[in-house]
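The next block holds one structure in the form of structure tokens; read it before the comments.
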There are 2 protein chains.
Amino acid sequence: MAETDLIRENIISAARERFRHYGYPKTTIAEVAGDCTMSAGNIYRFFKGKIDIAVEIAQRESLRSVEVVEAVMECPYRTSRQRLEEIVFADLRYTFHLLENRPKVLELAQIVVRERPQFQIESFRRERRAFQRILREGQASGEFTIDNLPQTTIAAQSATLKYRYAQLFTNQTLGELERELANVLTLIMRGLIHRKDGKLVPPTEIPGEIAEQQMPTDF
Amino acid sequence: MAETDLIRENIISAARERFRHYGYPKTTIAEVAGDCTMSAGNIYRFFKGKIDIAVEIAQRESLRSVEVVEAVMECPYRTSRQRLEEIVFADLRYTFHLLENRPKVLELAQIVVRERPQFQIESFRRERRAFQRILREGQASGEFTIDNLPQTTIAAQSATLKYRYAQLFTNQTLGELERELANVLTLIMRGLIHRKDGKLVPPTEIPGEIAEQQMPTDF
DNA sequence: TTTGTGAATAATTTATTGATTGTTCATAGT
DNA sequence: ACTATGAACAATCAATAAATTATTCACAAA
């Protein structure tokens with residue numbers, strides 16, 4: 001029913017506001033219900049539990065990263081190398097700023113991952129598909145030399161693990177991370193690109209901020 | 001004074017036993033002092049505080065990894081590729097088993113890193129030196145083509161970050177991690193090795209257990 | 001002077017309570 | 001039947017007190 005969906009949306013947006021302001025633990029179901037002018041018990045006709053509201057919010061947020069990839073893929077007259085480098089750098093910058101400026105987002109993400117490990121697994125899969133798409137494109141155009149596409153995709157994704165939500169692993173600055181990532185990408189590119197003239201594939205350059213990928217207003 | 005050193009050793013070994021059995025938080029200074037037949041207060045003439053005992057234990061444990069590298073470096077008639085792959089795989093396996101079988105070790109490591117972030121930084125530096133040594137060797141022998149040694153070292157180390165204390169990042173099995181690491185190393189090797197005949201550098205094979213690197217008996 | 005003690009104190013941890021919150025469900029209105 | 005409520009119950013959290021522990025230090029023995 002459309003009515004049901006509308007109410008669900010209402011609950012989600014009320015919850016999102018409160019999670020953002022007060023954080024997940026400090027937000028009570030009664031408050032969210034109050035915002036929607038309904039009783040606490042009634043929430044449970046629309047969501048199995050409090051955590052499930054958070055999961056749905058996190059999922060939607062996570063899907064936004066697909067849009068970034070889409071944007072990079074749309075952009076024409078670019079090499080596959082440029083595309084791959086751009087999405088990895090965009091990921092580093094986006095997640096870095098997210099954790100830097102929105103502590104409640106990190107908190108929510110950590111809680112969701114802890115309660116629902118499947119969430120993280122699916123996010124990884126989505127990202128992997130984007131990687132694979134770019135690699136396949138580069139393979140088709142002859143830019144990349146790849147003997148085993150799925151395995152190479154896994155390798156490239158694993159090697160750049162550190163640059164998503166980097167603050168969880170290290171307390172380096174964004175500048176340090178960018179320089180380091182450029183080194184990693186240089187190495188990866190030299191493993192993917194095989195020049196006929198035998199010259200060394202040039203190092204990765206740190207790209208400028210792209211399209212100023214703005215933060216969502218509410219989260 | 002030699003006497004002072006002996007007492008320090010005594011304290012360290014008593015503390016190590018208790019940390020292993022009961023964990024760091026459940027071990028009291030009074031107990032360690034009792035094991036050494038001295039008063040609690042006297043411990044402070046040898047260590048600045050409880051955490052410093054743990055730091056020294058962790059440092060010594062961490063230095064053991066240097067021995068592994070030494071062993072790999074000693075081993076003759078091996079290519080630099082083999083050496084690099086062996087130490088990374090050895091690291092993966094060693095740290096995986098450590099976290100699997102010795103939960104108290106993980107606990108101690110986490111506490112030490114939290115209280116003394118410098119500890120982690122130094123461990124990383126030590127490991128980086130080992131990487132760089134192997135890469136330089138491969139560069140000198142002509143096996144690797146490296147234009148910027150320090151940067152390439154950082155790249156190789158960062159790309160394999162996930163495979164040290166892997167359980168902190170993922171709940172994959174050791175087998176899955178080994179296959180994944182082989183993919184990452186294949187990609188790295190293709191970035192380091194440049195064949196004149198233009199053929200693809202063959203993929204990394206998962207090495208058999210080396211020398212059955214045994215766990216230390218006490219920790 | 002060096003080595004050590006044990007009581008005193010400060011810092012943490014643990015136990016306990018009461019209050020708050022998540023969730024269920026019998027019930028009522030539509 | 002469908003929608004919603006609010007009381008009931010269980011789980012969790014916050015606050016406090018109690019106990020334990022880390023650390024210091026005045027003092028004593030060597």
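Order of the sequence lines fixes the chain letters, A, B, ..., with proteins taken first and strands second; residue numbering starts at 1 for each chain.
- B/Tyr44 has no side-chain polar atom (N or O) that falls below the 4.0 Å cut-off from OP1 or OP2 of D/dT24.
- In this structure, the OH atom of A/Tyr22 is 20 Å from the P atom of D/dC13, given to the nearest Å.
- Judged by a 6.0 Å distance limit and a 45° cone about the ring axis, B/Lys26 is not positioned over the six-membered ring of B/Phe19.
- Nearest-nucleotide positions on DNA chain C place A/Glu31 closer to the 5' end than the other of A/Glu31 and A/Lys48.
- When heavy atoms are screened at a 4.0 angstrom cut-off, A/Thr28 is found touching the sugar-phosphate backbone but no base atom.
- In this structure, the CD1 atom of B/Ile43 is 13 Å from the P atom of D/dT24, given to the nearest Å.
- For B/Lys50 and D/dT20, the NZ to P distance is 16 Å, given to the nearest whole Å.
- Regarding B/Glu3, its CD atom lies at a distance of 10 Å from the C1' atom of C/dT3, rounded to whole Å.
- Of the candidates C/dG4, C/dG22, C/dT5, the closest approach to any side-chain atom of B/Ser39 belongs to C/dT5.
- The interatomic distance linking A/Tyr24 (OH) with C/dT21 (C1') rounds to 11 Å, in whole Å.
- For the pair A/Lys26 and D/dA14, the criterion of a side-chain N or O lying under 4.0 Å from OP1 or OP2 is met.
- When the P atom of D/dT23 is taken as reference, atom CD1 of B/Ile29 falls 6 Å away, rounded to whole Å.
- Checking D/dT5, D/dA22, D/dA4 against every side-chain atom of A/Met38, the shortest atom distance belongs to D/dT5.
- What separates CZ of B/Arg45 from P of C/dG6 is a distance of 14 Å, to the nearest Å.
- B/Asn10 is not listed as a side-chain neighbour of B/Leu6, based on a closest heavy-atom distance of 4.5 Å or more.
- The aromatic ring centres of B/Phe169 and A/Phe169 sit less than 6.0 Å apart.
- Residue B/Glu122 holds its CD atom at 13.5 Å from CZ of B/Arg128, rounded to the nearest 0.5 Å.
- A residue-by-residue look at A/Ala40 and B/Asn42 shows that B/Asn42 has its nearest nucleotide of DNA chain C further toward the 5' end.
- The cationic group of A/Lys50 lies under 6.0 Å from the six-membered ring centre of A/Tyr24 and within 45° of the ring axis, placing it in a cation-pi geometry.
- A straight line from CD1 of A/Ile51 to P of D/dT12 spans 13 Å, rounded to a whole angstrom.
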